[in-house]
Amino acid sequence: MKLRNPSLLRTSAIAAGLLLTATAFAQQKSPFYAGFGVGAAMTDGDYSGQVFSATPPVDPLLFRVNSASLNNGSRFGGRIYAGYQFTPQLAAELGYTDFGSRRSSYEVFGSTANYFVRGDFKASGVSLDLVGRLLVAKDLSLNARVGVMETSLKYSDSDGFSAPNTRQARLHLGVGAAWQFAPNMAATLDYQRVNGVGKTFAWTATDTKANGRLNYNLISAGLRFDF
């Protein structure tokens with residue numbers, strides 16, 4: 001039998017080939033993923049010790065620290081990130097973390113009167129990490145991360161002083177777990193930490209960034225989306 005429309009046959013064959021290719025592509029898991037987490041941000045570091053041990057700006061007889069404290073309680077924090085999975089066990093991840101705000105206070109005696117100052121720290125950071133994953137059950141994995149975070153610390157106080165933004169490169173560490181409850185979605189629980197953010201407290205007018213050196217932590221729960 002002679003075909004009346006050979007171009008129709010060619011078109012049908014091309015369409016079938018494209019359909020098979022699209023189906024195969026859809027079955028392949030993309031190495032890219034993204035996610036978010038929200039939770040409790042905390043700090044540690046001997047802020048009061050830094051204030052008390054700082055060299056007085058004037059004669060010690062005319063200057064005295066009465067008290068100094070930092071609110072180390074948990075505050076709201078969060079993170080967003082995107083990653084590339086090289087292998088099932090290793091990924092690279094770019095993220096942004098907001099460690100929330102932290103309130104400090106100190107009272108000093110200067111010359112003839114006491115002065116009370118309240119400060120506000122706001123810390124965040126952009127991180128680039130290597131993330132290792134270990135599958136411990138069918139849908140459950142553990143992870144550990146190590147990388148570099150460029151931290152950003154903003155400080156202002158009740159005297160109207162606002163310090164320049166302090167940016168530093170710091171070691172970024174973390175551990176976590178993920179439950180793959182859907183083919184392209186996982187519930188995550190993570191802990192991350194960055195040490196030595198800021199500059200050690202000093203009574204100086206020449207270094208306006210010396211308002212306290214602290215360590216920041218975040219415990220967050222969230223979702224990861226595999227593309």
Side-chain angles (χ1 to χ4, degrees), residues 32-48 50-51 68-84 91-106 117-132 143-178 186-202 207-225:
F32 294 97
Y33 65 91
F36 71 91
V38 294
M42 297 156 286
T43 58
D44 58 82
D46 188 11
Y47 175 79
S48 61
Q50 295 177 48
V51 176
S69 64
L70 177 75
N71 186 340
N72 285 323
S74 61
R75 292 289 186 270
F76 179 80
R79 62 189 293 254
I80 56 174
Y81 57 91
Y84 183 89
E93 198 171 285
L94 179 67
Y96 170 79
T97 302
D98 184 349
F99 290 104
S101 61
R102 196 68 44 186
R103 181 62 58 84
S104 67
S105 63
Y106 58 82
V117 178
R118 181 178 291 110
D120 186 55
F121 295 84
K122 294 182 180 180
S124 60
V126 176
S127 58
L128 180 61
D129 302 325
L130 281 177
V131 183
N143 68 71
R145 70 180 60 248
V146 60
V148 176
M149 174 176 280
E150 183 185 1
T151 60
S152 172
L153 179 64
K154 297 179 180 180
Y155 174 84
S156 59
D157 64 29
S158 55
D159 271 353
F161 169 73
S162 182
N165 191 5
T166 303
R167 296 188 180 275
Q168 299 164 301
R170 291 290 182 259
L171 179 67
H172 183 230
L173 301 171
V175 293
T188 60
L189 180 65
D190 291 285
Y191 167 77
Q192 60 190 98
R193 179 179 176 87
V194 59
N195 291 337
V197 178
K199 300 186 71 173
T200 302
F201 188 94
D207 191 349
T208 56
K209 297 182 179 181
N211 301 299
R213 181 182 175 95
L214 302 170
N215 310 315
Y216 289 83
N217 311 269
L218 176 68
I219 299 175
S220 62
L223 292 173
R224 188 188 72 223
F225 305 95

Quiz item: Can you tell me how far the CG atom of L218 sits from the CG atom of D190, to the nearest 0.5 Å?
Solution: 8.5 Å
Quiz item: So, N217 and R193: side-chain donor and acceptor under 3.5 Å apart, yes or no?
Solution: yes
Quiz item: What's the shortest heavy-atom distance between A178 and A186, and which atoms?
Solution: CB-CB, 4.5 Å
Quiz prompt | For Y84, all residues meeting side chain to side chain contact (heavy atoms under 4.5 Å, CB included), sequence neighbours excluded | solution = P31, F32, F86
Quiz item: Given the rule in the ring pair (Phe, Tyr, Trp, His ring centres under 6.0 Å) test, do Y106 and Y47 qualify, once you have shown the distances and angles that lead to the verdict?
Solution: CA-CA 10 Å; Y106 58 82; Y47 175 79; 7.3 Å; no
Quiz item: So, are R213 and D46 salt-bridged, with charged N and O less than 4.0 Å apart?
Solution: no
For residues 92-99, dump all side-chain donor-acceptor pairs below 3.5 Å to protein atoms at least two apart in sequence or in another chain.
{"residue": "E93", "atom": "OE1", "partner": "Y33", "partner atom": "OH", "Å": "2.7"}
{"residue": "E93", "atom": "OE2", "partner": "R79", "partner atom": "NH2", "Å": "3.0"}
{"residue": "E93", "atom": "OE2", "partner": "R145", "partner atom": "NH1", "Å": "2.9"}
{"residue": "E93", "atom": "OE2", "partner": "R145", "partner atom": "NH2", "Å": "3.1"}
{"residue": "T97", "atom": "OG1", "partner": "Q192", "partner atom": "NE2", "Å": "3.0"}
{"residue": "D98", "atom": "OD1", "partner": "G100", "partner atom": "N", "Å": "2.8"}

Self-check item: Flag, side chain of D129 to backbone of V131, donor-acceptor distance under 3.5 Å
Solution: no
Quiz item: Has the side chain of E150 got a donor or acceptor atom that lies under 3.5 Å from a matching backbone atom of V126?
Solution: no
Exercise. Decide side-chain contact (heavy atoms from CB on, under 4.5 Å) for R224 and Y81; before the verdict, give the C-alpha distance in whole Å, the side-chain angles of both, and the deciding distance to 0.1 Å.
Key: CA-CA 9 Å; R224 188 188 72 223; Y81 57 91; 3.6 Å; yes
Quiz prompt | Of V148, N195, V146, the residue whose pairing with L171 passes side chain to side chain contact (heavy atoms under 4.5 Å, CB included) | solution = V146
Quiz item: At what distance, to the nearest 0.5 angstrom, does CG of L153 lie from CD of Q168?
Solution: 7.5 Å
Quiz item: Checking side-chain contact (heavy atoms from CB on, under 4.5 Å) for the pair S220/V38: CA distance, chi angles, key distance, verdict?
Solution: CA-CA 5 Å; S220 62; V38 294; 5.8 Å; no
Self-check item: Smallest separation among heavy atoms of P164 and T208, with atom names
Solution: CD-OG1, 3.2 Å
Quiz item: Taking atom NE2 of H172 and atom OG of S127, what is their separation to the nearest 0.5 Å?
Solution: 4.5 Å
Exercise. Please name the pair of heavy atoms, one in N72 and one in R102, separated by the smallest distance, quoted to 0.1 Å.
Key: C-NH1, 3.7 Å
Self-check item: 4.5 Å side-chain heavy-atom contact, F121 and V197
Solution: no
Self-check item: Smallest separation among heavy atoms of A221 and L189, with atom names
Solution: CB-CD1, 4.3 Å
Quiz item: To the nearest 0.5 Å, what is the distance between NZ (K154) and CG (D120)?
Solution: 11.5 Å
Exercise. Evaluate the salt bridge (Lys or Arg N to Asp or Glu O under 4.0 Å) criterion for residues K199 and D207: first the C-alpha distance (whole Å), next the side-chain angles of each, then the deciding distance (0.1 Å), finally the verdict.
Key: CA-CA 9 Å; K199 300 186 71 173; D207 191 349; 2.7 Å; yes
Practice problem: Any chance you could measure T43, atom OG1, to L214, atom CG, to the nearest 0.5 Å? | Solution: 5.5 Å
Quiz item: Looking at residues at least two apart in the chain, or sitting in another chain, which of them share a salt bridge (Lys or Arg N to Asp or Glu O under 4.0 Å) with D159?
Solution: none
Practice problem: Can you see which heavy atom on A68 is nearest to which on S48, and at what distance? | Solution: O-CB, 3.2 Å
Quiz item: So S105 and S69, side-chain hydrogen bond (donor to acceptor under 3.5 Å, both in side chains) or not? Walk me through it.
Solution: CA-CA 5 Å; S105 63; S69 64; 3.0 Å; yes
Quiz item: Okay, side chain of S158, backbone of R118: is any donor-acceptor separation there less than 3.5 Å?
Solution: yes
Self-check item: Polar side-chain atom of R170 near backbone of G196 as donor-acceptor pair, under 3.5 Å
Solution: yes
Exercise. For K122 and S101, work out which heavy atoms get closest and say how close.
Key: CG-CB, 3.8 Å
Quiz prompt | Nearest-0.5 Å distance, OG of residue S156 to CG of residue N211 | solution = 9.5 Å
Practice problem: Examine distances only and state if a side-chain atom of T151 and a backbone atom of G125 form a donor-acceptor pair shorter than 3.5 Å. | Solution: no
